[in-house]
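These numbers come from the heavy atoms of this one structure, side chains and all, not from hydrogens, waters or symmetry mates. Starting from 1, each residue takes its place in the sequence as its number.
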Amino acid sequence: MKKKVLIGSRERSRSLEAMRILNAQGYELVLNPYDRALTEDELLEMIKGVEGMIAGSEKVTAAVIAAGAPTLKVIAKQGVGYNTINVDAAKEHGVAVTITPGANSKSVADLAMGLIMAAARQIPQMDLSIRNGGWYRHTGVELGGEGSGHHWNGQYRWGSSQTCLWFWYENSCL
């Protein structure tokens, strides 16, 4: 009998590469059929008899984990943070919980750059002015120089630096 894996993450449920890898290892896949996060009621039905779950943004509650016991052995969270998984219930049922630290660093860096640009150039204020029928030109500040990011600390500094370089390179080659 094949071991079953529930792919709750809507992104991974559509990933042909993820399906190919898991199928090649002999797993039977239970896929999220919706273009949204699964509800608790849906998870309660789908988790029965699975040994592993690839979780996305759906809430993996104590009831879901209990419904997966005793076959459920691991919940692998696509992304970082345990905030959508009841880790205490998982521990109580002997279910390992993993995350993918650093997997979203590029996305976080991209969003950080967008926010930096929006704040520096006052883009939200200009958008609001235009939506309200006005045309007030907020000049903001130019990016570059001492205040442009060399004070940043943490894992996203390098990604943001790469994104800055990409923006510079793409814009200088136009």
side-chain contact (heavy atoms from CB on, under 4.5 Å) between Lys3 and Lys73, intermediate numbers included: CA-CA 11 Å; Lys3 294 180 180 181; Lys73 303 293 182 222; over 6 Å; no
Side-chain donor/acceptor pairs under 3.5 Å, residues 38-46, sequence neighbours excluded:
unit_1: Thr39; atom_1: OG1; unit_2: Glu42; atom_2: N; d: 3.2
unit_1: Thr39; atom_1: OG1; unit_2: Glu42; atom_2: OE1; d: 3.3
unit_1: Glu40; atom_1: OE2; unit_2: Thr61; atom_2: OG1; d: 2.6
unit_1: Glu42; atom_1: OE1; unit_2: Arg36; atom_2: NH1; d: 2.9
unit_1: Glu42; atom_1: OE1; unit_2: Thr39; atom_2: N; d: 2.9
unit_1: Glu42; atom_1: OE2; unit_2: Arg36; atom_2: NH2; d: 2.7

Shared hydrophobic cluster, Val60 / Tyr34 (ILVMFWY, side-chain heavy atoms < 4.5 Å): yes
Rounded distance (nearest 0.5 Å) linking atom CG of Leu115 with atom CE of Met113: 10.0 Å
Val30 and its side-chain contact (heavy atoms from CB on, under 4.5 Å) partner, picked from Leu6, Val5, Ile7: Leu6
Inter-residue atom distance Leu16.CG - Ile21.CD1, 0.5 Å rounding: 11.0 Å
From CA spacing to verdict: side-chain contact (heavy atoms from CB on, under 4.5 Å), Ile54, Leu22: CA-CA 11 Å; Ile54 299 174; Leu22 291 168; 4.0 Å; yes
Shared hydrophobic cluster for Val87 and Met53 (ILVMFWY, side-chain gaps under 4.5 Å): yes
Distance, nearest 0.5 Å, that separates CD of Glu58 from CD1 of Ile85: 8.0 Å
Shortest non-hydrogen contact from Ile65 toward Ala90: CD1-N, 3.8 Å
Point-to-point distance, once rounded to the nearest 0.5 Å, from NZ of Lys4 to CG of Leu29: 11.0 Å
Candidate pair Leu31 and Met19, rule side-chain contact (heavy atoms from CB on, under 4.5 Å), full reasoning: CA-CA 9 Å; Leu31 303 175; Met19 286 188 260; 3.7 Å; yes
Flag, side chain of Thr71 to backbone of Val50, donor-acceptor distance under 3.5 Å: yes
Shortest non-hydrogen separation from Lys48 to Ala67 and the atoms involved: CG-O, 4.0 Å
Approximate separation, where rounding is to 0.5 Å, of Ile47 CD1 and Leu72 CG: 4.5 Å
Reported NZ-to-OG1 distance for the pair Lys77 and Thr84, which is rounded to 0.5 angstrom: 3.0 Å
Heavy-atom pair with the smallest gap, counting every atom of Ala62 and Asn86: CB-ND2, 3.6 Å
For the student: nearest non-hydrogen atoms of Ser57 and Ala37, plus distance: OG-CB, 3.7 Å
Verify same cluster id: Met117, Leu111 (apolar side-chain graph, 4.5 Å): no
Tyr82: ring-ring contact (aromatic ring centres under 6.0 Å, His included) partners, not counting sequence neighbours: none
Ala55 backbone acceptor or donor facing Ser9 side chain under 3.5 Å: no
